[in-house]
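One-based numbering, in listed order, for ligands and for the atoms of each. FYI, the numbering just counts along the sequence from 1.
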Amino acid sequence: MKIDEKYDFVICGGGATGLLLSNSLISDSFFDNKKVLVIEKEIKIENDRTFSFWDNQKNILDKIVFKSWGKAEFKDMEFSSSFSLKPYKYKMVRSDKFYSFMKRKIEKASNFTYLNANVENIIKESGINYIETDKGNFQCSIAFSSIYNPEEFEFKKYPLIKQHFLGWTIETHEDFFDEDKIRFMDFSIDQHQEIRFMYVLPFSKKSALFEYTFFGGEVMKNSDYENEIKKYLDREGIKKYKIAEIEKGVIPMTCYPFFNANTDSFIRIGTSGGWTKPSTGYTIKNSIEKIDMILKFIKEDKPLSKLRFKNRFWYYDVLFLDVLVDSKGKGSRVFSDLFRNNDPLLLFKFLGEKTNIFEEIRIFVSVNIMTFVKSLIKRVKSVYLKDFLRN
Ligand SMILES: Cc1cc2nc3c(=O)[nH]c(=O)nc-3n(C[C@H](O)[C@H](O)[C@H](O)COP(=O)(O)OP(=O)(O)OC[C@H]3O[C@@H](n4cnc5c(N)ncnc54)[C@H](O)[C@@H]3O)c2cc1C
């Protein structure tokens, strides 16, 4: 194979995590002498997604946050709770801003090259990677890939739940919204024997995103999501509005151990690295933290294959997804129990994987523990016992 250029690092996929990783490398002078190539197949300029996350610290995205909120609410058919998010803020970044901000930084970095090309193959050979693209072949010591092809993986052992959604950003004539309060989850809608909720982000008194979200089941026709949004707006008394923007997406929720493919010279990042939190679908905050871990390892000259992305929260997530799969339409009950019986801030801390074991026990006893015990027994029987008998 003819090699067109050699690099220290090649980042395959210049989406959210490829660009966050690029930014971290550019911001750390330790990497100034490393030659880096970013390969992205699409022209990323549009607002094809919005990235939201909660945070109690400053991070690089603060510079481009579109809106942040200090309050939130949770609702179901029987229960509703409004709370302050302090010390957290819920923040939202538009991807068009994100892509242009990150790409400007890459353009300015003299050790970086950005290439619009399709990665066709990544060949890993004795610690060196060969990246084949439609615009040339490249060699590097470390390759990072955020390219996600679900067909490559056998999800059987770790179920894959699709989180799918469609959202309308609407504009009204009159003031309707409390612009400092998000509706994190509203389960007070028809569950159709599944797990469905509305997610609402108000941008001003007259504008808000209404996202109809679904855990599990198959992706539906746009009109099915849209009819549900219309019903919800009607119920809220919002009759006259203009649709300003539409967001649609599918996020994989799974504990599949994508990170098992990592070696000292090849690291999966982002959704394709298992950085999407299986129980929620949130990825961005997780990614910032994982990138910090990777950079620390490289700087300390530690073998990247020793990076552990699996912690006790991964095991909780396995069980949680099992419960959702087994819930037969009653999954919203688990979320309701969590929000009804806990301080919501403790839940945000838990979902951000920052709780200690005592706080976690407090959370576990607040839900219908038998549901979890049943799923645990099923998992032990189906996976571990089978493995044991096979060996
Ligand atoms: C609509 C939507 C909304 C979301 N909202 C949130 C949110 O609010 N908060 C949150 O935390 N997470 C959110 N997520 C989940 C997650 O943060 C995003 O999916 C995020 O983009 C994942 O980052 P990534 O780098 O893994 O993948 P991507 O951002 O998809 O990046 C992968 C990149 O690889 C490129 N690529 C693929 N194949 C090739 C190839 N062969 N050659 C070259 N390039 C290739 C793609 O074009 C893409 O740009 C959302 C996801 C979606 C879809």
Does an N or O from [X], backbone or side chain, lie closer than 3.5 Å to an N or O of ligand 1?
X    : result
T271 : yes
Y199 : no
D48  : no
T283 : yes

### Task
Could you see which bit of K285 sits under 4.0 Å from ligand 1, with heavy atoms only: side chain, backbone, both or neither?
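None of K285 does.
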More than 12 heavy atoms from other groups under 6.0 Å of [atom1] on [X]:
X    : atom1 : answer
K35  : NZ    : yes
K63  : NZ    : no
F358 : CZ    : no

Among protein heavy atoms, which sits nearest to [atom], and what does the distance come to when rounded to 0.1 Å?
atom                    : value
atom 29 (O) of ligand 1 : A16 N, 2.9 Å
atom 9 (N) of ligand 1  : S52 O, 2.8 Å
atom 38 (N) of ligand 1 : I147 CG2, 3.5 Å
atom 50 (C) of ligand 1 : I251 CD1, 3.4 Å
atom 30 (O) of ligand 1 : R49 NH1, 3.5 Å
atom 31 (O) of ligand 1 : G15 CA, 3.3 Å
atom 42 (N) of ligand 1 : V119 N, 2.8 Å
atom 34 (O) of ligand 1 : G13 CA, 3.3 Å

### Query
Step by step, would you call K71 with D178 a salt bridge (Lys or Arg N to Asp or Glu O under 4.0 Å)?
CA-CA 10 Å; K71 290 185 273 174; D178 174 349; 3.7 Å; yes
### Message
Applying side-chain contact (heavy atoms from CB on, under 4.5 Å), can you list everything that pairs with T17, at least two apart in sequence or on another chain?
### Response
S146, I269, W275, S287
### Message
Would a single hydrophobic cluster contain both F144 and L20, if residues Ile, Leu, Val, Met, Phe, Trp and Tyr are joined by side-chain heavy-atom contacts under 4.5 Å?
### Response
yes
Which atoms of ligand 1 have any heavy atom of [X] under 4.0 Å away?
X    : result
Y282 : 9 (N), 10 (C), 11 (O)
K44  : 48 (C), 49 (O)
G270 : 26 (O)
E42  : 47 (O)

#### Entry: Under 4.5 Å side-chain linkage, directly or through intermediates, the cluster mates of I45
I43
### Query
Going through the distances and angles, do E174 and K205 end up as a salt bridge (Lys or Arg N to Asp or Glu O under 4.0 Å)?
CA-CA 8 Å; E174 291 160 41; K205 288 190 171 63; over 6 Å; no
### Query
How about atom 14 (N) of ligand 1: does it have a protein heavy atom within less than 4.0 Å?
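So far as the 4.0 Å threshold goes, atom 14 (N) of ligand 1 is in reach of a protein heavy atom.
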### Task
Please name the residue in the list F155, F153, Y256 that meets the side chain to side chain contact (heavy atoms under 4.5 Å, CB included) test with L160.
F155
### Qualifying residue for side chain to side chain contact (heavy atoms under 4.5 Å, CB included) with L19, from M102, K105, E40, K44
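Checked M102, K105, E40, K44 against L19; only one passes side chain to side chain contact (heavy atoms under 4.5 Å, CB included): M102.
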Has [X] got any heavy atom lying under 4.0 angstrom from an atom of ligand 1?
X    : result
F53  : no
A117 : yes
W275 : no
K277 : no

### Query
Nearest to atom 6 (C) of ligand 1 by heavy atom, T50, T17, I284: which?
T50
### Task
Only heavy atoms count here, so choose which of E40, E211, K41 is nearest to atom 37 (C) of ligand 1.
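Going through E40, E211, K41 one by one, K41 has the nearest heavy atom to atom 37 (C) of ligand 1.
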### Query
Between F348 and F83, what is the ring plane arrangement, given parallel below 30°, perpendicular above 60°, and tilted in between?
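Taking F83 first and then F348, their aromatic rings sit tilted (interplane angle of 30° to 60°).
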### Task
Would you verify whether the NZ or CZ of K285 falls within 45 degrees of the ring axis of F53 while also being under 6.0 Å from that six-membered ring's centre?
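No.
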### Message
Set out, in order, the CA-CA distance, both residues' side-chain angles and the distance that settles salt bridge (Lys or Arg N to Asp or Glu O under 4.0 Å) for K221 and E226, then state yes or no.
### Response
CA-CA 9 Å; K221 294 199 298 281; E226 285 166 353; over 6 Å; no
### Task
Would you indicate whether the side-chain heavy atoms of L346 and I363 approach each other to under 4.5 Å?
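A side-chain contact under 4.5 Å exists here.
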